[in-house]
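Predicted model, so just to flag it, every value in this text is computed and none were measured.
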Amino acid sequence: MNSTEILDRLTETIASRREADPSSSYVAKLFHKGQDAILKKVGEEAVETIMAAKDGDKTHLTYEVADLWFHTLVLLANEGLSYTDVLNELARREGISGIAEKASRKPD
C-alpha cells in the first residue's frame, strides 16, 4: 500500500467520524468540542514530538509524529481542507528558496 492510499483512507475515516456519536468516536469527540480542542491537541502532539526527538528514541519519535500528523489531518478536515491542499502547497514551493518563498508571503 502506498502513502497516498493510506492518507486517502485516513481522510475518509476522519470524514466519516465527523457526524458520529462523540461517545463512541474519539474523532467525533474532537469535532464536537470544536476548533479550540483540536488546536490544543495539535499543540500537545507537537510538544510530544519535540520531546521525543530530544530524547533520541527514533521509535518514540515515529509514534509521536504519527500522532501529530493524525491530529493535523483532523484540523485540516475541520477547516475544510485535506492533505492534498498541503501537498499542492509543497509542490508550489518546490525549487523555490525558503528565504525567497517566505519573503513572497503577504504580511499577516
Side-chain angles (χ1 to χ4, degrees):
M1 179 177 320
N2 69 43
S3 55
T4 302
E5 290 172 341
I6 293 167
L7 289 169
D8 283 340
R9 283 197 353 244
L10 192 50
T11 298
E12 289 171 13
T13 299
I14 290 168
S16 74
R17 303 276 165 78
R18 187 175 196 126
E19 301 302 324
D21 180 357
S23 67
S24 65
S25 166
Y26 171 74
V27 173
K29 187 183 297 187
L30 281 175
F31 281 129
H32 181 75
K33 288 181 177 180
Q35 185 188 49
D36 284 348
I38 295 168
L39 293 172
K40 181 179 177 187
K41 196 61 186 171
V42 170
E44 289 171 5
E45 296 302 340
V47 169
E48 290 173 8
T49 297
I50 292 165
M51 292 169 57
K54 294 288 281 178
D55 289 344
D57 181 339
K58 291 181 181 185
T59 300
H60 187 210
L61 176 58
T62 301
Y63 177 87
E64 293 301 342
V65 169
D67 282 351
L68 178 58
W69 285 12
F70 174 79
H71 288 90
T72 300
L73 290 171
V74 172
L75 173 60
L76 289 169
N78 191 63
E79 301 301 319
L81 298 167
S82 77
Y83 77 90
T84 58
D85 296 296
V86 177
L87 292 179
N88 289 337
E89 176 59 16
L90 290 171
R92 183 192 69 78
R93 294 180 187 188
E94 188 173 8
I96 300 172
S97 155
I99 294 169
E101 192 284 324
K102 189 165 185 170
S104 72
R105 296 183 203 173
K106 294 180 182 179
D108 293 334

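Annotation: side chain to side chain contact (heavy atoms under 4.5 Å, CB included) contacts of L10 (sequence neighbours excluded): I14, F70, L73. For the side chain to side chain contact (heavy atoms under 4.5 Å, CB included) test, residues two or more places apart in sequence or in another chain that qualify with D57 are T59, H60. For E45, the salt bridge (charged side-chain N to carboxylate O under 4.0 Å, His left out) partners are K41, not counting sequence neighbours. Residues meeting the side chain to side chain contact (heavy atoms under 4.5 Å, CB included) test with T4, sequence neighbours left out: N2, D8, Y83.
Among pairs with a residue in residues 9-37, none fulfils salt bridge (charged side-chain N to carboxylate O under 4.0 Å, His left out), at least two apart in sequence or across chains.
Across every non-hydrogen atom of H71 and I38, the tightest pair is O-CG2, 4.4 Å. The heavy-atom pair separating D85 from S82 by the smallest distance is OD2-N, 2.8 Å. Of all heavy-atom pairs between A20 and S25, the closest is CB-CB, 4.2 Å.
Hydrophobic cluster membership for L61: V65, W69 (Ile, Leu, Val, Met, Phe, Trp, Tyr linked by side-chain heavy atoms under 4.5 Å, directly or transitively).
With a 6.0 Å radius and a threshold of 12 heavy atoms from other residues, nucleotides or ligands, E5 has its CD atom above the threshold. Heavy-atom neighbours of Y26 OH from other residues, nucleotides or ligands within 6.0 Å: above the threshold of 12.
Side-chain heavy atoms closer than 4.5 Å link hydrophobic residues (I, L, V, M, F, W, Y) into clusters, and following such links, possibly through other members, connects L81 to V74. L68 and L90 fall within a single hydrophobic cluster, where Ile, Leu, Val, Met, Phe, Trp and Tyr are joined by side-chain heavy atoms under 4.5 Å apart, directly or via other members.
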